[in-house]
There are 2 protein chains.
Amino acid sequence: MKTLTTGEIAKLCDVNLRTVIRWIDRGALKGFKLPGRGNNRVREEDFISFLKEYDMPVPSGFKSKEANKRILIVDDELPVATAIQRVLRHAGYDTSIATDGFRAGSMLLKESPAVMTLDLSMPGQDGFDVLAYVRATQEVASTRILVISALDETSLNKALAYGADAVLQKPFENAQLLTMIQQLLAGE
Amino acid sequence: MKTLTTGEIAKLCDVNLRTVIRWIDRGALKGFKLPGRGNNRVREEDFISFLKEYDMPVPSGFKSKEANKRILIVDDELPVATAIQRVLRHAGYDTSIATDGFRAGSMLLKESPAVMTLDLSMPGQDGFDVLAYVRATQEVASTRILVISALDETSLNKALAYGADAVLQKPFENAQLLTMIQQLLAGE
DNA sequence: GACAAATGTGACATTTATGACAACTAGTGC
DNA sequence: GCACTAGTTGTCATAAATGTCACATTTGTC
């Protein structure tokens, strides 16, 4: 469970630390106190619901943690991408498609999807490298990534090692895809 | 996330604090309220777009943030990219390098550079398509793009038609590069 | 462990929101 | 020029929120 200190919140809200403590004392922001002298901690989700309740802007690094059901589908073969999209849309998810690396990277940051499906073998684009990059990029590091690939098991394991949250080997059943997406969205 | 108080804006616009609050209440200036009694805060970027929308002068202190000097260098050949970077850094610009489409798209949105240099011929990435996409994507549409390519003049003209702000044919002189960047940063 | 960095606290200084009202700015019609 | 609107902005006093500061204490980090 990720928590925030008063100082961190102060920076995020561009406000004085003293003020954050007052918000907590007043009950506007839900938090709890450490045993020591009563240093405050605020759960990330409480902070976000606080921001939303008061119509305050959510810092970019937290957007991904909003209950966002958007799914970004990355695959250079449009027919494959639309097939995946059809299944997910049918299940009620908001989806977007990126058929090249530039669009994928751009849309990932623009939309902060909860889940990204990733084709490992895109022309001119090393899938493992994409995984490493996403995990190293703070703004989107928490995106859940489902690697979809026709490559062998060794490559899929490698993908997991590089930071994929789940892998799905082509060809696959629609039901498999849906189950995995649901699991990824459920697992916080 | 830098924010401004009503008092700061009042001074910047040489106007009464009361008036700033009215602008916000009326919705002319986008802002949000702190939990306490509803003290107002305005994000710096919202303030600047407000100034522009109403053709108000942008205070000198903000020009720097507005005229962002960051430059994103997109080229799959790292030696070429670092060569460009060296020249631009030497001239005092902040630079970043993206050697593949995914990184390029991601960093473009993450950093909102003032200028992007773009190699037209990246593996698996259609440079013209990138141009079209950037121009069609609201968040980054105003990025100035300098296309750097070894392709012939026909292709360079095509790049201009697709939305490039300037083109530079390889090989080029460092001085040429610098001049073009300066012009791009000066123009608006 | 020891050290550096961050946090909580109280008292006090500043800043801000608010309402009511005055002053100012077009614009209108005469 | 002279009212007369309607709208915006400035002024003022007051209550409330937020910022500042120094210092003791706690947490984080090697």
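Reminder, nothing fancy here: chain letters follow the sequence lines and each chain counts from 1.
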Length of the NZ-P vector between Lys33(B) and dA17(C), whole Å: 7 Å
In whole angstrom, what separates Arg18(B)'s CZ from dC12(D)'s C1'? 11 Å
Could you check how far CD1 of Ile9(B) sits from P of dT9(D), rounded to whole Å? 14 Å
Has Asn40(B) got a side-chain N or O lying under 4.0 Å from the OP1 or OP2 atom of dA17(C)? yes
Write down the distance between CD1 (Ile24(A)) and C1' (dA17(D)), rounded to a whole number of angstrom. 16 Å
Without decimals, in angstroms, what is the distance between Ile21(A) CD1 and dG10(C) P? 10 Å
Please report, rounded to the nearest Å, how far the P atom of dA17(D) is from the CG atom of Asp25(A). 13 Å
In whole Å, I'd like the distance from the CG atom of Leu17(A) to the P atom of dA5(C). 17 Å
Does the plane of the ring in Phe50(A) sit parallel, tilted or perpendicular to the ring in Phe47(A)? Use 30° and 60° as the thresholds. parallel
Checking all strands, does Asn16(A) fall into the base, sugar-phosphate, or nothing category for heavy-atom contacts under 4.0 angstrom? base
Look at the side chain of Arg37(A) against the base of dT9(C) and say whether a donor-acceptor pair falls under 3.5 Å; ignore hydrogens and angles. no
Under the 3.5 Å rule, do the base of dG7(D) and the side chain of Arg22(B) count as making a donor-acceptor pair? no
Report yes if a side-chain nitrogen or oxygen of Trp23(A) is closer than 4.0 Å to either non-bridging phosphate oxygen (OP1 or OP2) of dA17(D); otherwise report no. no
Paired with Ile97(B), the side chain to side chain contact (heavy atoms under 4.5 Å, CB included) test is passed by just one of Ile73(B), Thr117(B), Ile71(B), namely Ile73(B)
If the cut-off is 4.0 Å, is Thr6(A) near the phosphate of dA6(C), judged by side-chain N/O to OP1 or OP2? no
Between Asp14(A) and Leu34(A), just flag the one whose closest nucleotide in DNA chain D comes earlier from the 5' side. Asp14(A)
Donor-acceptor pair present, Arg26(B) side chain and dG7(D) base, under 3.5 Å: no
Are any non-hydrogen side-chain atoms of Asp55(A) and Lys33(B) less than 4.5 angstrom apart? no
When you compare the side chain of Met116(B) with that of Val134(B), does any pair of heavy atoms fall below 4.5 Å? yes
Regarding the side chain of Thr19(A), the nearest nucleotide among dG8(C), dT27(D), dT18(D) is dT18(D)
Parallel, tilted or perpendicular, as decided by the 30° and 60° cut-offs, for the rings of Tyr133(A) and Phe102(B): perpendicular
Starting at CG of Asn39(B) and ending at C1' of dT14(C), how long is that distance when rounded to a whole Å? 12 Å
When Gly38(A) and Val15(B) are each assigned the nearest nucleotide of DNA chain D, the 5'-most assignment goes to Val15(B)
